[in-house]
A.B. asks: 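Sharing a structure with you now.
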Number of protein chains: 2
Amino acid sequence: MTVMGTARPAGRPRSERAEKAIVDATLDLIGEGTSVSELSIEAVAARAGVGKTTIYRRWANKEELVGDALATLKAPLPVVEGRTVREDLVAYLDVMRQDTLTLRTRCIMNIAMSEPDRHPNLYERFHKTAIEPRRAAMRAVLERGVATGELRPDLDIELAIGMLSGTMLWYTKGAAHNNTPLADDLAARIVDEALRGFLSR
Amino acid sequence: MTVMGTARPAGRPRSERAEKAIVDATLDLIGEGTSVSELSIEAVAARAGVGKTTIYRRWANKEELVGDALATLKAPLPVVEGRTVREDLVAYLDVMRQDTLTLRTRCIMNIAMSEPDRHPNLYERFHKTAIEPRRAAMRAVLERGVATGELRPDLDIELAIGMLSGTMLWYTKGAAHNNTPLADDLAARIVDEALRGFLSR
DNA sequence: TAGTTTCGCAACGACACCGTATCGTATGAT
DNA sequence: ATCATACGATACGGTGTCGTTGCGAAACTA
């Protein structure tokens, strides 16, 4: 009998250090451009300074490891509620822009873009936790704009989401190619250009 | 001495059949989702019904093979010159949409999107032959629109290109995920939505 | 016919991973 | 002290791909 209801299993407990090292190594490798298909357990173990056994003991397969690793990258998803729709949209799009600057969130992009049907479970899981919330947030802002009359009542909201996100995605891809970072005011310029079509006037 | 100035080298000539089979097999495999990194010469040879030797004799490495294979996919790039800018833009965007329906051109998308910095030469080559012409065509249409007064004189043309292409790209990606084909009128809807911001009045 | 080159095929040694097993050691509870 | 488990390290047999080589047959020139 143990004191706590959660009975600690006998024997040496699993190392938190090792677990974190494994997850970090996984994210590092993916962030460096290794695709999920190419990612090898051996490489993760070597990078993490860990025996392969320690990895196999915790994760049944590669997908679960990557899935858990990505889950640790919780999207902060800023809750902006500015005065105007324009401000909010710029804020969200600018998060998208800044994400491309950090290594960790670039991991997400790599996976999200490259292997949709190869690892469907993985993609599904990632989509639910990363894509959908952001999409919902943007949808809410647009719907609020329609409600307040700031935006056209007949605005195709899903299309609007696609236009804003897609444009930033386009620039993100272009920036990844020719190493020029995205302009600071890019989000504002996209939104402004788009709003001339979205605004009710 | 031979009769012709182009001296045919002695010995058995290289098989056109084999060459075509190799290129086709390469495109097939890539089209089925095999990334360039994963693409193995062995698999290409097997698929093509050809010995590995025959491949190594013609191409020094994988990148050149893939590069030549992609080069055979010459983008038709329809030369539309409709009456209105809207018609032309819809036409170009609709080509983009239809491309996602065919296997072969989906090869291009896969490569273009997934491995920009892993195979820089390959990406560069593809970008020049496939992306830039289309971008230039769309730029020409937009500039013509500005010249005729159909579009705002202060229109940011590069941004406009990004908005139109990016939006279609966004839908393309979404469609690749949940197998729903893109709506027939998608191109028109994107252009119409965008033009409300682009049109001078 | 003789000479040359390519053909498809099979085999080679080398390397990278796979997933598992077996070490001796370390870390905890009882 | 004893027991149970996890640790890192190493090695195993198996598979897949690499790029190369040797082979006999085929294709074409001179």
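None of the values given here were measured: they were computed from a predicted structure.
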A.B. asks: For the pair made of CZ in A:Arg57 and P in C:dT20, what is the distance, rounded to whole Å?
C.D. replies: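 My rounded result for the distance is 12 Å.
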A.B. asks: Any donor and acceptor pair, going by atom type alone, linking the side chain of B:Thr172 with main-chain N or O of B:Met168 inside 3.5 Å?
C.D. replies: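 Checking the backbone N and O of B:Met168 against the side chain of B:Thr172, a donor-acceptor pair under 3.5 Å is found.
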A.B. asks: Hey, is the side chain of B:Thr54 poking within less than 4.0 Å of OP1 or OP2 on C:dG8, counting only N and O atoms?
C.D. replies: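 True: B:Thr54 side-chain N/O within range (under 4.0 Å) of C:dG8 OP1/OP2.
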A.B. asks: I would like to know whether B:Asp68 and B:Val23 meet side chain to side chain contact (heavy atoms under 4.5 Å, CB included); could you show each step before the answer?
C.D. replies: CA-CA 8 Å; B:Asp68 284 359; B:Val23 169; 5.7 Å; no
A.B. asks: Please state how far atom CD1 in A:Ile41 lies from atom P in C:dC17, giving the value in whole angstrom units.
C.D. replies: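 Rounded to the whole Å, the gap is 11 Å.
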A.B. asks: Between the side chains of A:Lys52 and A:Glu42, is the shortest nitrogen-to-carboxylate-oxygen separation below 4.0 Å, so that they form an ion pair?
C.D. replies: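 Salt bridge between A:Glu42 and A:Lys52, a charged N being under 4.0 Å from a carboxylate O: yes.
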A.B. asks: Rounded to whole Å, how long is the line connecting atom OH of B:Tyr56 with atom P of C:dG8?
C.D. replies: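 Result: 15 Å.
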A.B. asks: Is any side-chain N of the basic residue among A:Arg125 and A:Glu64 closer than 4.0 Å to the acidic one's carboxylate O?
C.D. replies: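 Looking at A:Glu64 together with A:Arg125, the answer is no, because their closest N to O distance does not fall below 4.0 Å.
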A.B. asks: How close or far is atom P of D:dG8 from atom CZ of A:Arg14, stated in whole angstroms?
C.D. replies: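 Whole-Å distance recorded here is 12 Å.
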A.B. asks: Calculate, to the nearest 0.5 Å, the distance between atoms CG and CZ belonging to B:Leu155 and A:Arg196 respectively.
C.D. replies: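 Those atoms lie 9.0 Å apart.
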A.B. asks: Take B:Gly11 and B:Thr53, find for each the nucleotide of DNA chain D with the closest heavy atom, and name the residue whose nucleotide sits nearer the 5' end.
C.D. replies: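 So the residue in question is B:Thr53.
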A.B. asks: Any donor-acceptor pair under 3.5 Å joining the side chain of B:Lys52 to the base of C:dG8?
C.D. replies: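 Counting by modelled atom types and ignoring angles, no donor-acceptor contact under 3.5 Å is found here.
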A.B. asks: May I have the distance from A:Arg17 (atom CZ) to C:dG28 (atom P), rounded to whole angstrom?
C.D. replies: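 For the pair A:Arg17 CZ and C:dG28 P, the rounded distance is 13 Å.
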A.B. asks: Hey, is A:Asp99 close enough to A:Arg134 for a salt bridge, meaning N to O under 4.0 Å?
C.D. replies: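 Salt bridge: yes.
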A.B. asks: Hey, can you pull the residues of residues 42-50 of chain A with a non-hydrogen atom under 4.0 angstrom from DNA chain C?
C.D. replies: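 Result for residues 42-50 of chain A: A:Glu42, sorted by number.
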A.B. asks: Determine whether any donor atom in the side chain of A:Arg12 lies under 3.5 Å from an acceptor atom in the base of D:dA4, or the reverse, and answer yes or no.
C.D. replies: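 Check fails, no donor-acceptor contact within cut-off.
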A.B. asks: So that I can tick it off, tell me whether A:Lys128 and A:Glu124 are bridged by a salt bridge, with the cut-off set at under 4.0 angstrom between side-chain N and carboxylate O.
C.D. replies: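 Salt bridge: yes.
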A.B. asks: Examine distances only and state if a side-chain atom of B:Lys62 and a backbone atom of B:Val36 form a donor-acceptor pair shorter than 3.5 Å.
C.D. replies: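 A pair under 3.5 Å: yes.
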A.B. asks: Got a sec? Which of residues 21-34 of chain B come in under 4.0 Å of DNA chain D, heavy atoms?
C.D. replies: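 Contacts with DNA chain D under 4.0 Å: none.
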A.B. asks: Judged by atom type as modelled, is there a donor-acceptor pair below 3.5 Å linking the side chain of A:Thr72 to the main-chain atoms of A:Ala69?
C.D. replies: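 A pair under 3.5 Å: yes.
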A.B. asks: Measure the distance from CD1 on B:Ile55 to C1' on C:dC9 and round it to the nearest whole Å.
C.D. replies: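 Taking atom C1' of C:dC9 as the reference, CD1 of B:Ile55 is at 13 Å.
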A.B. asks: Are A:Glu150 and A:Arg83 close enough for a salt bridge, meaning some N to O gap below 4.0 Å?
C.D. replies: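 A salt bridge is absent here (no side-chain N lies under 4.0 Å from a carboxylate O).
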A.B. asks: Mark yes or no for a side-chain to base donor-acceptor pair under 3.5 Å between A:Ser40 and C:dC18, with no hydrogen or angle criteria applied.
C.D. replies: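 No, no donor-acceptor pair under 3.5 Å.
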A.B. asks: Short of 4.0 Å, heavy atom to strand atom, which residues of residues 59-67 of chain B count as contacting DNA chain D?
C.D. replies: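 Those residues whose heavy atoms fall under 4.0 Å from DNA chain D, taken from residues 59-67 of chain B, amount to none.
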A.B. asks: Would you confirm whether the ring centroid of B:His119 sits within less than 6.0 angstrom of the ring centroid of B:Tyr123?
C.D. replies: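 Between B:Tyr123 and B:His119, the centre distance exceeds or equals 6.0 Å.
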